[in-house]
2 protein chains.
Amino acid sequence: MRESLHKYINSFIQLSESEIRVIEDILTSRKIYKKENFIEINKVCTKAIFINKGYFRFYHVDVNGNEITSDFYFAPSFITSYTSFITGAPSFVNVQAMVDMEVFEFTKNDLYDLYGKYPKIERLGRLIAEAIAINSEEHLFLLLNQSAEMRYKRLLEKNTKYVNTIPLQYIASYLGITKETLSRMRKAIR
Amino acid sequence: MRESLHKYINSFIQLSESEIRVIEDILTSRKIYKKENFIEINKVCTKAIFINKGYFRFYHVDVNGNEITSDFYFAPSFITSYTSFITGAPSFVNVQAMVDMEVFEFTKNDLYDLYGKYPKIERLGRLIAEAIAINSEEHLFLLLNQSAEMRYKRLLEKNTKYVNTIPLQYIASYLGITKETLSRMRKAIR
DNA sequence: GATTTCTTTTGACAATTATCAAAAAAATTA
DNA sequence: TAATTTTTTTGATAATTGTCAAAAGAAATC
């Protein structure tokens, strides 16, 4: 049942049976239904999850009342409202289930206990933090790299999964443009 | 001489005398002069540094030949071409000294040795990776948050240091706009 | 302190992107 | 499958931002 978790962890680091077990011990299996928010804006986030099935989007509402999507995370992956989880400040994003999902939840306290007891689990934490930093760096790079059309083409190449499974309106704001502009760009490219 | 390093590390985690010493042992003191590139695009980056004095900008050249600045890092801070250092892929950014600088350099190999031997130093690595991820998240948030004018105002509030010390042309591309547009916006705000 | 180099500002105009409203298409639910 | 809801597309127009060239200002160098 937790095979995909093992596989995912293994892609970062080889853990022993007992290390895997203590990780499993802090997890609670849970379902999150489409459109439900796992994390709410302005609340402090002290929980994180492993996505076993489904995907999330991170979004906030700007001054004009528009929803701005800042990120997507697909299974398998660990996620949380990163800045809030780390610093203890209120989250500035909502994290919303895009489909009916299956996740394994755990608390910050439990995780930090494991960090203290198992250096290799802390190493896993470092590797995941690094992966998240790299992901943000790539998104940043995408946004800074010229016209909206170029950004979309780049996304097409690099993140085919996004373009194929995520509704266009959310991809638009991920790219920093409106859905109408993205729709027109797609027409122009065809 | 390395007081600012100690202080900086202490802001993340309390290390013992001997842990501090082994970190110092892998450092090489160095000067980097204004406009010099510490890291070159397309080269694999296996070194990182602690900035003791000065600041860097991260930039790349886009298809139209324009320099795009994606980040700034001021002393005191650890920096490297993050994605390249972690993954071993060629760097997609240049890292350029903005003033005459004083830095302490170290290699990836030496650092990873320390990670293996000193769990608390690996924890420091995790904490720094997290800080970098948070920094990128904030920059992303800035870029996605509506009009250029709003972005600039937000930067004014949040990162006064940037606005006061960095030449406008670099701030412009950090905000995803041209220097002319930023210049006009500043005039409008006055 | 004069000269050179680098940075910022300004103007005129063009291109890109946003906005609002409505229609069409697709997906979901009854 | 019909009805409802959600998502995408289209049109007309406005607002924002970019481009290119030149001037003004500031900083660095001799």
Side-chain angles (χ1 to χ4, degrees), chain A residues 33-37 54-55 57 59 61-69 72 94 96-101 142-156 162-190, chain B residues 33-37 54-55 57 59 61-69 72 94 96-101 142-156 162-190:
Chain A
Y33 296 98
K34 188 171 175 174
K35 302 225 169 173
E36 206 180 307
N37 280 344
Y55 72 105
R57 81 181 170 106
Y59 77 96
V61 177
D62 74 13
V63 270
N64 303 326
N66 300 315
E67 282 189 3
I68 309 280
T69 297
F72 303 103
N94 297 288
Q96 185 188 53
M98 293 294 285
V99 293
D100 290 347
M101 305 191 51
L142 183 72
L143 281 174
L144 290 171
N145 238 55
Q146 281 317 92
S147 73
E149 192 166 329
M150 275 201 47
R151 278 177 261 156
Y152 180 64
K153 281 182 179 165
R154 207 185 161 89
L155 193 72
L156 265 178
Y162 283 17
V163 182
N164 289 336
T165 64
I166 302 169
L168 166 146
Q169 57 180 318
Y170 303 124
I171 292 180
S173 71
Y174 180 84
L175 289 171
I177 56 179
T178 61
K179 57 186 192 300
E180 292 91 342
T181 298
L182 181 55
S183 175
R184 288 183 180 108
M185 272 171 23
R186 290 213 301 190
K187 192 183 177 187
I189 287 171
R190 280 191 232 115
Chain B
Y33 296 99
K34 189 171 174 174
K35 302 228 170 169
E36 207 180 304
N37 279 344
Y55 73 105
R57 81 180 170 108
Y59 76 96
V61 178
D62 75 15
V63 270
N64 303 326
N66 300 316
E67 282 189 2
I68 309 280
T69 297
F72 303 103
N94 297 287
Q96 186 187 53
M98 293 294 284
V99 292
D100 290 348
M101 305 190 52
L142 184 71
L143 281 173
L144 289 170
N145 238 53
Q146 281 318 91
S147 73
E149 192 168 328
M150 274 202 46
R151 278 177 261 156
Y152 179 64
K153 282 182 179 166
R154 208 186 159 88
L155 192 73
L156 266 179
Y162 283 18
V163 182
N164 290 335
T165 63
I166 303 168
L168 166 146
Q169 57 181 315
Y170 304 124
I171 292 181
S173 72
Y174 179 84
L175 288 172
I177 56 180
T178 61
K179 59 186 189 305
E180 292 91 343
T181 298
L182 181 54
S183 174
R184 288 182 180 111
M185 271 172 22
R186 292 214 299 189
K187 191 181 176 188
I189 287 171
R190 283 190 230 116

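What you see is a predicted model, and the numbers here were worked out from it, not measured in a lab. Just so it is clear: chains get the letters A, B, ... in the order the sequence lines come, proteins before strands, and each one is counted from 1.
- Rounded to whole Å, the distance from CD1 on A:I189 to P on D:dT8 is 16 Å.
- Checking B:S147 against B:K34, the closest nucleotide of DNA chain D that is more toward the 5' end is the one next to B:S147.
- Note that CG of B:D100 is 9.0 Å distant from CD of B:E36, once rounded to the nearest 0.5 Å.
- Regarding B:D62, its CG atom lies at a distance of 13 Å from the C1' atom of D:dT19, rounded to whole Å.
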Base versus backbone protein contacts along nucleotides 5-12 of chain C [heavy-atom cut-off under 4.0 Å; B, S, -]: --SBBBBB
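- From B:I171, atom CD1 reaches atom OG1 of B:T165 across 7.0 Å, with rounding to the nearest 0.5 Å.
- A:Q96 is linked by a side chain to side chain contact (heavy atoms under 4.5 Å, CB included) to A:K35, A:N37, A:R57, A:Y59, A:M98, counting only residues two or more places apart in sequence or in another chain.
- Sorted by first and then second residue, the salt bridge (Lys or Arg N to Asp or Glu O under 4.0 Å) pairs with a member in residues 143-155 of chain A read A:E149-A:K153; sequence neighbours excluded.
- If you take CE of B:M98 and C1' of D:dA27, they are 14 Å apart, rounded to a whole angstrom.
- Considering only residues two or more places apart in sequence or on other chains, B:S183 meets the side chain to side chain contact (heavy atoms under 4.5 Å, CB included) condition with none of them.
- Atoms CD1 (A:I171) and P (D:dT9) sit 11 Å apart, rounded to a whole Å.
- Considering CG of B:L156 and CD1 of B:I189, their distance stands at 6.0 Å, rounded to 0.5 Å.
- The side chain of B:T178 places no N or O atom within less than 4.0 Å of a non-bridging phosphate oxygen (OP1 or OP2) of D:dT17.
- Inter-axis angle, ends of the helix from C:dG1-D:dC30 to C:dA30-D:dT1, five pairs per end, rounded to 10 degrees: 60°.
- Following rounding to the nearest Å, A:R151 (CZ) and C:dT17 (P) show an atom-to-atom distance of 7 Å.
- Every residue two or more places apart in sequence or in another chain that forms a side chain to side chain contact (heavy atoms under 4.5 Å, CB included) with B:N66 is listed here: B:D62, B:N64.
- In this structure, the OH atom of A:Y33 is 14 Å from the P atom of C:dT29, given to the nearest Å.
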Full working for ring pair (Phe, Tyr, Trp, His ring centres under 6.0 Å) between B:Y174 and B:Y162: CA-CA 10 Å; B:Y174 179 84; B:Y162 283 18; 5.6 Å; yes
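- In this structure, the CD atom of A:Q96 is 12 Å from the P atom of D:dT6, given to the nearest Å.
- In this structure, CD1 on A:I177 lies 11.5 Å from CG on B:L144, to the nearest 0.5 angstrom.
- Following rounding to the nearest Å, B:M185 (CE) and D:dA15 (P) show an atom-to-atom distance of 18 Å.
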